[in-house]
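Labels below follow one simple rule: chain letters A, B, ... track the order of the sequence lines, proteins then strands, and each chain is numbered from 1.
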There are 2 protein chains.
Amino acid sequence: MGKASRPTLNRRKLPRQARSAVTVDVIFEATIQVLLSDGPIRLNTTRVARRAGVSVGTLYQYFPNKQALLFAVLERHLAVLADAIAKACDENRCATVEKIAETVVKAYLNARMAQAEVSPALALVAMELDARELIDAALRRSEKAIETMLSTASDSRFVDPRVIAQTITAVIYGTVPAFCQRVMSPAARREAEKQLTIMFRSYLIAQRSSAAEARRATTPSSR
Amino acid sequence: MGKASRPTLNRRKLPRQARSAVTVDVIFEATIQVLLSDGPIRLNTTRVARRAGVSVGTLYQYFPNKQALLFAVLERHLAVLADAIAKACDENRCATVEKIAETVVKAYLNARMAQAEVSPALALVAMELDARELIDAALRRSEKAIETMLSTASDSRFVDPRVIAQTITAVIYGTVPAFCQRVMSPAARREAEKQLTIMFRSYLIAQRSSAAEARRATTPSSR
DNA sequence: TCCAAACCTGAAGAATGCTTCATATATCCG
DNA sequence: CGGATATATGAAGCATTCTTCAGGTTTGGA
């Protein structure tokens with residue numbers, strides 16, 4: 001994809017006073033609200049400023065351009081998600097395979113349910129922003145947390161925790177948005193969570209050292 | 001999400017002559033090209049027309065507005081994906097669990113690799129277009145195909161093929177875009193495919209009638 | 001209290017994008 | 001061949017969006 005040259009994303013000015021720090025937070029919040037109410041294509045600085053109750057000139061005091069604002073919002077959002085995963089993984093060291101699978105699914109679903117409709121929109125805004133690095137950083141952070149948790153599993157040893165963590169991370173980052181966007185009853189949502197947990201658990205069991213090696217011995221590799 | 005009232009998406013005019021049918025195809029192709037080269041936010045009718053080598057007035061002869069054009073492009077794209085899944089599933093009736101897992105992963109990856117960078121961009125467009133129904137239709141079609149294939153598995157019986165199909169469909173529609181967007185070596189891509197296949201296979205084995213019932217008997221349900 | 005710095009305002013200007021329509025060109029069939 | 005229909009053109013008009021900047025208001029410290 002050929003892209004226009006990348007405008008500066010650095011803030012024009014950092015808030016010094018408390019009131020301006022509040023202003024920046026209000027702008028962030030308004031951005032999310034506009035994204036939710038109007039969608040990513042109709043999201044513009046004029047609407048955000050109006051929603052925030054500040055002038056558009058104020059907005060440009062703190063963000064050099066529209067892209068910088070969206071970039072900052074995305075960054076915050078990804079941090080929240082990655083934090084949730086990391087925290088959950090830290091709290092579940094030395095867990096069983098069953099617990100590991102549940103932990104990952106729950107942590108992510110909970111984090112994303114809290115802002116269910118924002119994530120997909122922001123992910124797609126990210127595409128335009130060429131925020132690949134930002135997303136990759138969040139992904140890698142989650143992978144690392146999951147990998148570490150896998151290494152401390154109380155009832156299993158895995159041949160390659162890293163590959164497993166990568167696969168699981170890709171699935172949850174990819175799948176959960178789709179679940180969150182669907183109109184689902186609470187029961188259907190619980191079922192989806194259950195199925196995802198079963199999938200992860202069975203995958204983990206299949207990837208345990210003894211199981212993986214047994215499969216290699218009996219299954220000729222065609223790749 | 002509150003959205004503006006929905007503009008008409010019906011075509012202004014159907015092509016009657018061969019040259020105009022070609023023109024419409026050229027416009028479709030140009031839309032994809034602009035989407036790839038400039039991204040979804042910079043995708044506009046002026047660029048599409050220029051890329052197609054036709055006047056912007058011609059474009060509006062066949063599409064009442066920009067949204068209608070994008071809607072039509074998305075529709076075509078989803079049809080290609082769902083077709084690929086359905087075809088692969090039809091060709092693998094009475095297959096083993098192993099084969100089923102491979103089929104699903106390969107079919108989808110192949111379909112999506114062919115237009116790796118289009119799908120996420122179109123998804124953004126879809127969000128704005130309120131094309132939920134279109135996407136759901138494609139998802140349901142894939143679910144149905146997978147469900148049917150599961151019901152004919154030669155080495156397994158599943159308690160609830162429908163739920164399984166739903167889960168797998170959600171995972172592949174969610175996960176594969178993430179894989180496709182990553183800069184991966186061919187080897188890494190093959191590994192990802194392998195991991196996804198292992199995940200599906202182990203999930204299917206876990207959901208076989210005898211296995212699922214055994215787990216129910218030994219695991220107290222907390223939900 | 002006063003002044004410098006921080007913060008806020010919103011009209012205006014420039015650029016962009018969507019869409020139309022008067023006019024021109026191509027095709028088909030009697 | 002000629003006329004009706006199909007198709008194509010792109011300048012123009014209108015609306016929208018991004019961003020700036022001259023001027024106004026608030027805060028904090030000497």
Side-chain angles (χ1 to χ4, degrees), chain A residues 3-28 30-31 34-35 38-73 125 128-129, chain B residues 3-28 30-31 34-35 37-73 124-125 128-129:
Chain A
K3 291 282 180 75
S5 66
R6 183 170 172 174
T8 179
L9 302 180
N10 295 320
R11 283 186 176 178
R12 267 191 170 179
K13 168 176 163 177
L14 289 176
R16 300 273 188 92
Q17 297 174 1
R19 61 172 176 158
S20 57
V22 168
T23 298
V24 172
D25 282 342
V26 167
I27 291 173
F28 276 132
T31 306
V34 172
L35 192 54
D38 298 350
I41 292 182
R42 287 154 57 82
L43 169 66
N44 63 43
T45 55
T46 312
R47 278 194 182 82
V48 169
R50 191 188 310 129
R51 179 66 71 98
V54 303
S55 77
V56 74
T58 296
L59 188 150
Y60 282 100
Q61 280 271 86
Y62 300 103
F63 303 97
N65 48 55
K66 181 184 172 186
Q67 282 207 351
L69 168 62
L70 296 182
F71 196 88
V73 171
V125 170
E128 191 57 29
L129 290 177
Chain B
K3 290 285 180 74
S5 66
R6 182 170 172 176
T8 179
L9 301 180
N10 295 322
R11 284 185 176 180
R12 267 191 168 178
K13 167 176 166 179
L14 290 175
R16 299 272 188 91
Q17 296 173 5
R19 62 171 177 160
S20 59
V22 168
T23 297
V24 171
D25 281 343
V26 168
I27 291 172
F28 275 132
T31 306
V34 171
L35 194 50
S37 63
D38 298 350
I41 293 183
R42 288 154 56 83
L43 169 64
N44 64 43
T45 54
T46 311
R47 280 195 180 83
V48 170
R50 192 186 309 128
R51 180 64 73 96
V54 303
S55 78
V56 75
T58 295
L59 188 149
Y60 281 101
Q61 279 272 85
Y62 300 103
F63 303 97
N65 48 55
K66 181 184 172 186
Q67 283 204 350
L69 169 62
L70 297 182
F71 196 88
V73 171
L124 170 66
V125 173
E128 193 55 30
L129 289 178

For A:T23, is there any backbone N or O sitting under 3.5 Å from a side-chain donor or acceptor partner on A:S20? no
For the pair A:R47 (side chain) and A:V34 (backbone), establish whether a donor and an acceptor sit closer than 3.5 Å, ignoring hydrogens and angles. no
Measure the distance from [atom1] on [X] to [atom2] on [N] and round it to the nearest whole Å.
X	N	atom1	atom2	result
B:L70	C:dT19	CG	P	10 Å
A:R19	D:dT27	CZ	P	5 Å
A:N65	D:dT19	CG	P	5 Å
B:Q67	C:dT19	CD	C1'	14 Å
B:K66	C:dG17	NZ	P	9 Å
A:L69	D:dT19	CG	P	10 Å
A:F63	D:dT17	CZ	P	20 Å
B:Q61	C:dC18	CD	C1'	16 Å

Comparing A:T45 with A:T58, nearest DNA chain D nucleotide closer to 5' gives the residue A:T45
Select from B:R16 and B:L59 the residue whose nearest nucleotide in DNA chain D is closer to the 5' end of that strand. B:R16
With B:F28 as reference, evaluate B:Y62, B:F63, B:F71 under the ring pair (Phe, Tyr, Trp, His ring centres under 6.0 Å) test and give the passing residue. B:F63
Shortest side-chain distance from A:N44, nucleotide among C:dT19, D:dC18, C:dC8: D:dC18
Partners passing side-chain contact (heavy atoms from CB on, under 4.5 Å) against A:V22 (at least two apart in sequence or in another chain): A:V26
